[in-house]
Student: 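Before anything else, here's the structure in question.
Order of listing sets the numbers, starting from 1, for every ligand and every atom in it.
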Amino acid sequence: MDAAGFVRSLEQAGFGPFTGVPCSVFTPLIDHLGTLAPDRHYVCTSEGEAMGLAGGFALAGRNPVVYMQNDGLGNAVNPLSSLQLLYRLKALLLVSWRGEPGQKDAPQHRVMGARLTGLLEQLAVPYIVLEPGADALEQALEKARAHGAAQSTPFALIVRKGYFAPGAAPAAVAAGDPGLAPRLDYIRLLAAAAAPGDILLGATGFSGRELQQYTEHPGRFYMMGSMGCLPALGLGLADSHPGRAVFVLDGDGALLMKLGSLATIGRRRPANLVHLLFDNQAYESTGGQPTLAAGVDFCALARACGYPAQESVASPEAFRALLGSLSGRPRPLFVHVRVRCGTPAGLPRPEQPPERMRDDLMAFLG
Ligand SMILES: Cc1ncc(C[n+]2csc(CCOP(=O)(O)OP(=O)(O)O)c2C)c(N)n1
């Protein structure tokens, strides 16, 4: 399906504006939405927030569209149940079907992939699995429109991998500043400088995959999925292992999704935690869609939340110097690293199953 034609069909059927959080299934769609006026497409930070925004549009008599990965449906369940379904507010949900049973996909999609339709049924959100073609879309939109008119509650279109035809060179892709170094340059420096007993935690997105694939540090752990949860996971480990330094390798999309963890860490102030934010201003691993990071002063946020020290770094040389002086710095230390998009071609997904990664880390921790 051509993304521009898809948006045209939805808008002609009275749906809009659009908001949501990316999944690679929607890359051509979001690239196209990025070319529209900002009041037709709102970039936002989490699926739950997107449902709040949709609630406002629905109260204003509009028919908002929220796109999300099925993993992100978890974030949307709370407002769905106590906003949209409670107040009976319309929303058209576009939910990707990662981990569809019988299809090959990354492990983090297995549980939700198998439960997606059952979860929507439990929530009493009717759905259609979109079949290819304009006629199937027209019929689905007619059902969604009729449901909204009769029930005034959300309706979901489940979108499979490959539904959207790849677009031309995306106008909205945030490649970042080409004068900056890529994230992997920093991850390699960190892994080489870390003591053997340190813990290195990589977030969902490319920081975790690069850490897992391109370093050998025995204390590394890749948290695939559970986007935004890594700083809190790091705090749990840091407080349980005060003798080890814990490095949290975060992404800007992930941190923005659960910004509250800055306050949780800032209150507890673990003296062994270093929070590294690799800020490429993009959801790079789902196709490079822009995040809202541009213009956000992350060091000021960390300071305001109680981190006693913050650093901004924009070159591997400065990072190397910082690593050399870590022991003398107050912690938790927040390090804002400006990076450009870019990861080695063919970055593979880890072959170890998640349980194996858990076992490896727990064995390392003793
Ligand atoms: C709750 C939830 N929503 C959406 C996704 C899909 N997703 C996986 S990685 C990612 C982008 C993460 O962006 P960022 O933290 O900036 O890291 P980068 O991809 O740039 O490495 C998204 C949107 C997800 N896994 N979970």
Student: Is ligand 1 under 4.0 Å from a heavy atom in the side chain of L255, in the backbone, in both, or in neither?
Tutor: neither
Student: Taking atom types as modelled, is there a side-chain donor on D250 or H275 under 3.5 Å from an acceptor on the other?
Tutor: yes
Student: Looking only at distance, does N280 have an N or O less than 3.5 Å from an N or O of ligand 1?
Tutor: yes
Student: Going by distance alone, is a donor N or O of one side chain under 3.5 Å from an acceptor N or O of the other, for H109 and N70?
Tutor: no
Student: Got F57 and L53 here, is their nearest side-chain heavy-atom distance under 4.5 Å?
Tutor: yes
Student: Taking N or O atoms only and a 3.5 Å limit, does G253 qualify as a polar contact for ligand 1?
Tutor: yes
Student: Please say whether more than 12 non-hydrogen atoms of neighbouring residues, nucleotides or ligands are located less than 6.0 Å from OH in Y87.
Tutor: no
Student: Test of understanding: given a 4.0 Å heavy-atom threshold, classify the contact between M68 and ligand 1 as side chain, backbone, both, or neither.
Tutor: neither
Student: Residue-level breakdown please: for S46 versus ligand 1, do any non-hydrogen atoms fall below 4.0 Å on the side chain, on the backbone, on both, or on neither?
Tutor: neither
Student: With a 4.0 Å heavy-atom cut-off (strictly under), which part of N75 contacts ligand 1: side chain, backbone, both or neither?
Tutor: side chain
Student: At a non-hydrogen distance cut-off of under 4.0 Å, which region of T286 contacts ligand 1 (side chain, backbone, both, or neither)?
Tutor: side chain
Student: Cut-off 3.5 Å, side chains only: do S46 and N75 have a donor facing an acceptor?
Tutor: no
Student: May I ask you to check whether P22 has an N/O atom sitting below 3.5 Å from an N/O atom of ligand 1?
Tutor: no
Student: Can L10 be reached from Y163 by stepping across I, L, V, M, F, W or Y side chains whose heavy atoms are under 4.5 Å apart?
Tutor: yes
Student: Check the hydrophobic clustering (I, L, V, M, F, W, Y; side-chain heavy atoms under 4.5 Å; chains of links allowed) and say if L119 and V111 are grouped together.
Tutor: no
Student: Compute the shortest N/O to N/O distance between F206 and ligand 1 and return yes if it is under 3.5 Å, no if not.
Tutor: yes
Student: Among all protein heavy atoms, pick the one closest to atom 25 (N) of ligand 1 and tell me residue, atom and distance.
Tutor: Q69 OE1, 3.3 Å
Student: Looking only at heavy atoms, is any part of E284 under 4.0 Å from ligand 1, and if so is it the side chain, the backbone, or both, or is it neither?
Tutor: both
Student: Could you identify the single nearest non-hydrogen protein atom to atom 15 (O) of ligand 1 and state the distance to 0.1 Å?
Tutor: A254 N, 2.8 Å
Student: Please list the nearest protein heavy atom to atom 19 (O) of ligand 1 with its residue and the distance rounded to 0.1 Å.
Tutor: S285 OG, 2.7 Å
Student: Nearest protein heavy atom to atom 2 (C) of ligand 1, by residue and atom, and its distance?
Tutor: E47 OE2, 3.5 Å
Student: Is the closest side-chain donor-acceptor distance between T27 and Q289 under 3.5 Å?
Tutor: yes
Student: Taking 4.0 angstrom as the limit and counting only heavy atoms of D252, give me the atoms of ligand 1 inside it, by number and element.
Tutor: 15 (O), 16 (O)
Student: Looking only at protein heavy atoms, which one is nearest to atom 12 (C) of ligand 1, and how far off is it?
Tutor: M227 CE, 3.8 Å
Student: Measure the shortest side-chain to side-chain distance between R220 and M357 over non-hydrogen atoms and say whether it is less than 4.5 angstrom.
Tutor: no
Student: Taking only non-hydrogen atoms of A203, do any sit less than 4.0 angstrom from ligand 1?
Tutor: no
Student: Name the closest protein heavy atom to atom 17 (O) of ligand 1, giving the residue it belongs to and the distance to 0.1 Å.
Tutor: G251 CA, 4.2 Å
Student: Can you tell me which portion of Q108 lies within the under-4.0 Å heavy-atom range of ligand 1? Options are side chain, backbone, both, or neither.
Tutor: neither
Student: Polar contacts were defined as any N/O atom of the residue lying under 3.5 Å from an N/O atom of the ligand; does this apply to C23 and ligand 1?
Tutor: no
Student: Do E284 side-chain atoms and G342 backbone N/O form a donor-acceptor pair below 3.5 Å?
Tutor: yes
Student: Between R358 and E355 (salt bridge meaning N to carboxylate O under 4.0 Å), is one present in this structure?
Tutor: no
